[in-house]
There are 2 protein chains.
Amino acid sequence: MTTIKDIAKAAGVSVTTVSRALNGYSDVNEKTREKIIAVSKQLNYSPNTLARSLVMKKSKTIGLLVSGMTKQSGKDNLLFEVLRGLNQFSAETGYDLVLFSTNSTKQREKTYSQLCRERRVDGAIIQGIKTDDPYLQEVVDSDIPCVLVDIPIESETVGYVTTDNVLGAKKAVNHLLELGHRNIAMVNGHEFAFVSQKRLEGYEQALQEANIPSRTEWVINGAFEEEQAEHQVYQLLKTHPDITAIYCASDLMAIGAMKAVKRLGLCIPNQISIIGYDDILLSSYMTPSLTTIAQNFYEMGFEAGKMLIEILEDKAKSHRKLLETRLIVRESTIKNHT
Amino acid sequence: MTTIKDIAKAAGVSVTTVSRALNGYSDVNEKTREKIIAVSKQLNYSPNTLARSLVMKKSKTIGLLVSGMTKQSGKDNLLFEVLRGLNQFSAETGYDLVLFSTNSTKQREKTYSQLCRERRVDGAIIQGIKTDDPYLQEVVDSDIPCVLVDIPIESETVGYVTTDNVLGAKKAVNHLLELGHRNIAMVNGHEFAFVSQKRLEGYEQALQEANIPSRTEWVINGAFEEEQAEHQVYQLLKTHPDITAIYCASDLMAIGAMKAVKRLGLCIPNQISIIGYDDILLSSYMTPSLTTIAQNFYEMGFEAGKMLIEILEDKAKSHRKLLETRLIVRESTIKNHT
DNA sequence: GTGAAAGCGCTAACAT
DNA sequence: ATGTTAGCGCTTTCAC
C-alpha cells in the first residue's frame with residue numbers, strides 16, 4: 001500500500017509537497033503537481049483517511065443510530081427510506097455513513113455516545129428511538145452534533161426534522177368528517193412516541209372544531225403493531241357498533257384494523273371507513289387500498305443529513321425542519337351511509 | 001477529549017502501561033490496572049479507534065457496497081433484509097458497518113475499490129450488482145477480501161453466499177406440475193443477473209423431467225420490474241390463451257403478472273395460477289396472497305458477514321455458502337381445471 | 001511489571 | 001514554491 005512518502009521519494013520531492021499537490025493547494029508549481037499526480041496514479045495510490053482523520057480531527061463520517069432494526073421494521077419501509085435519503089445526501093457531499101445499531105443478542109453494553117466517540121463520527125442521525133430511551137438523553141447531553149428524526153429537541157448542537165403531525169392528523173380526521181362521518185375512533189401508537197401525542201392532539205382538535213365531543217373510550221392503543229391494532233379494533237367494534245370510521249396513527253395499524261373489520265364480517269369502506277398514516281408501501285397494494293396521510297421519509301433522511309452538515313459547519317440557520325404531509329385518498333374511505 | 005496520555009499522567013504511569021492495562025494484557029499489576037481503569041472512567045475516556053486502526057492496520061469495519069439503492073429497491077425488502085442480517089452479525093462481532101453507494105446524482109467517479117482502500121475497510125460485502133457491472137471485476141481483482149451476495153465468484157480472498165436457484169425454480173415449477181398444469185409460462189428477470197440464468201435452467205429442467213417440451217415463446221422478460229412484467233404478461237396471455245400457469249422469477253414481477261391477469265378479466269387462481277420467487281413482504285398481503293419460493297435474505301446477510309470475517313481471519317473452510325429455499329403455498333395457485 | 005522510544009500515514013505551522 | 005519538523009493517539013518492540 002503506497003503512501004505519500006513513497007510518492008515523495010519517487011517524485012523527488014518532500015512529503016509536504018505531495019500532500020499539498022494532492023490536496024489542490026495553490027502554492028505548488030504546476031509542473032511538480034502534474035508529476036506528483038502522475039506518480040501517484042502510477043503507484044496506484046489511495047490516501048489513508050484514517051491517518052488524515054487522525055490529524056485533522058474530523059472523519060467525514062456520520063453515524064446513523066437506529067434502534068430496533070427488527071423484522072417488524074421491515075414492514076414499514078420507513079427506516080429504509082430514511083436511510084436512502086440520508087445515503088443520497090451523504091454521497092453527494094462525500095460523507096460516509098456508518099451504521100450503529102444496538103440490535104445485538106449479547107453484550108455490547110456500549111452506549112451510543114461511546115460508539116460515536118470511539119469511531120470519531122463528526123455527527124449523528126438518530127432515528128426510531130423512543131422518547132423514554134436512555135440513549136436519547138445521553139446523546140443529547142454529549143456534545144456530539146446530531147439531528148433527530150421525529151423527536152423535537154433543540155440545542156446548540158442538536159436539531160430535528162419532523163412533519164406537522166397535528167396538522168396531518170387533522171387532515172385525516174377532516175377527510176372523514178367531510179365524508180359525513182361523526183363516530184370516528186382512533187387507534188394510536190404508544191405513549192413513548194412523540195408523534196403519537198401529536199396525532200392524538202390533531203384528532204381531538206379536528207373533532208372539537210366540528211363540535212363533536214371526543215369520547216376517550218374510542219381512542220385505543222395499537223402500539224404501532226399490526227396484530228395489536230387488530231386485536232384492539234376487534235374488541236372496540238364489538239362493543240361500539242355505532243362507529244363508522246377509524247383513524248389510525250400508522251398504516252400498519254390500519255392494516256391490522258382492516259383485518260379486524262373483515263373478521264367481524266363488515267365491509268370496508270361501505271360499513272367502516274379506515275384511514276391510516278405514513279403511506280407505507282403496503283398501503284397501495286392492499287385490497288381495498290388504504291387512504292392515508294403520506295409522509296416523505298426519504299426526504300426526512302435527506303433533510304436530516306443536510307441539517308447535520310449545516311450544524312457541523314456552523315451555518316445552520318434553523319435547527320428545526322418541518323416537512324409536509326399530504327392526504328392520499330384511496331379506496332378504504334367512503335361517504336357515511338348510516 | 002481525553003487520551004491515554006492524560007490517563008497516564010493522572011495515574012502516574014506510562015502510556016504503555018495504560019495501553020496494556022486497558023487492552024487486558026496479563027503482564028500488568030492488578031493494582032495498577034484497577035487504578036488505570038478507575039482514572040479512565042473518571043476522565044470519561046473513549047479510545048480513538050482511528051489512531052488504533054492506523055497503527056494496527058485494521059479498522060474493524062466492513063463496507064457494504066450496494067448498487068442502485070433506488071425507490072424500486074424499497075419494494076422488495078431484499079436489500080433491507082440483507083442489511084439487517086449483516087448488521088446483526090457485525091454487531092455481535094464488534095465490527096462496524098459502513099455503507100457505500102454509488103447512488104449519486106453527480107460526479108463521484110471514485111470506484112468501489114478506491115472507496116474501500118481509502119476508508120481502510122477490512123473487507124466488503126457486495127450486493128445487488130449486475131454481472132456485467134465494471135465494479136464487480138474491479139473489486140474482485142483488487143485484493144480486498146469480499147463476499148458477494150448471489151454472484152458465484154471464488155478466489156483466495158473472495159467468497160459468495162447464494163441459494164440453489166436451480167432447485168428453487170424446480171420447486172416452483174414442480175408445484176405447478178403437481179397441480180396438473182402443463183402450459184406453464186415463465187417471466188424471467190434480465191440476463192445480467194446470475195440468478196435469472198439459474199432460475200430459467202431450473203424451469204427447463206423441471207419441464208424436461210416431466211416430459212413437457214419447453215416453448216421459448218412462453219419465456220418472457222420482465223426485467224425484475226413490476227410494470228414491465230405486467231406489460232409482457234398482458235401481451236403473452238392475449239396471444240397464448242392456453243397458458244394456465246405462470247412462474248415468475250421474482251415476486252414483484254408476479255405482482256405485475258397478477259395485475260395483467262386481472263386486467264384481462266381472468267381470475268386468479270381459478271383460470272390462471274401464479275407463483276413468484278423471493279417471498280417479499282408484499283406477497284402475503286396481496287389478494288389473493290402469492291404462492292412463492294422463499295429466500296431468507298436476512299440469513300444471507302448474516303452468513304455473508306460471517307464468511308467475510310472467516311476469510312479475514314484466514315479460517316474459512318469454504319468460500320461458498322448455499323442456503324435453502326422453501327415453497328410457500330398461498331392462494332395464487334390451484335389445481336388446473338382445464 | 002513498567003517505561004522509553006519508534007512509528008502508523010498524514011497535515012500544518014514555520015522556516016527557507 | 002518547497003522542505004523541515006512536530007505531532008494527531010495509539011500499539012509495540014526492546015530495555016530495564
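Only heavy atoms go into these numbers, but all of them, side chains included; no hydrogens, no water, no symmetry mates.
- Considering only residues two or more places apart in sequence or on other chains, B:Glu299 meets the salt bridge (Lys or Arg N to Asp or Glu O under 4.0 Å) condition with none of them.
- In this structure, A:Thr32 reaches the sugar-phosphate backbone alone: every heavy-atom distance under 4.0 Å involves primed, P, OP1 or OP2 atoms, never a base.
- Nearest approach of B:Ile311 to B:Gly159, heavy atoms of both residues: CD1-N, 4.0 Å.
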Reading nucleotides 3-10 of chain D 5' to 3', which nucleotides get B (base under 4.0 Å from a protein heavy atom), which S (sugar-phosphate only), which -? BBB-BBBB
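- At most 12 heavy atoms of other shown residues, nucleotides or ligands fall within 6.0 angstrom of atom NZ in A:Lys306.
- Annotation: A:Lys60, atom NZ; neighbour count of heavy atoms from other residues, nucleotides and ligands within 6.0 Å is above 12.
- The shortest distance between the side-chain N/O atoms of A:Tyr25 and the OP1/OP2 oxygens of D:dT2 is not below 4.0 Å.
- Terminal axes of the helix from C:dG1-D:dC16 to C:dT16-D:dA1 (five pairs each, C1' rotation axis) are separated by 40°, to the nearest 10°.
- Once you apply a 4.0 Å limit to the heavy atoms of chain B, the touched nucleotides of DNA chain C run 5' to 3' over C:dG1 to C:dG9.
- With sequence neighbours left out, the side chain to side chain contact (heavy atoms under 4.5 Å, CB included) criterion links B:Glu156 to no other residue.
- Between B:Arg84 and B:Glu81 a salt bridge is recorded (basic side-chain N to carboxylate O distance below 4.0 Å).
- Taking the six-membered ring where the residue is Trp, B:Tyr298 and B:Phe302 present parallel rings, their angle staying beneath 30° rather than reaching 60°.
- Legend: residues meeting side chain to side chain donor-acceptor pair (under 3.5 Å) with A:Glu324, ordered by chain and number and at least two apart, are absent.
- Between the side chain of B:Asp150 and the backbone N or O of B:Thr162 there is no donor-acceptor pair closer than 3.5 Å.
- Under the 4.0 Å criterion applied to side-chain N and carboxylate O atoms, B:Glu34 and B:Lys31 are not assigned as salt-bridge partners.
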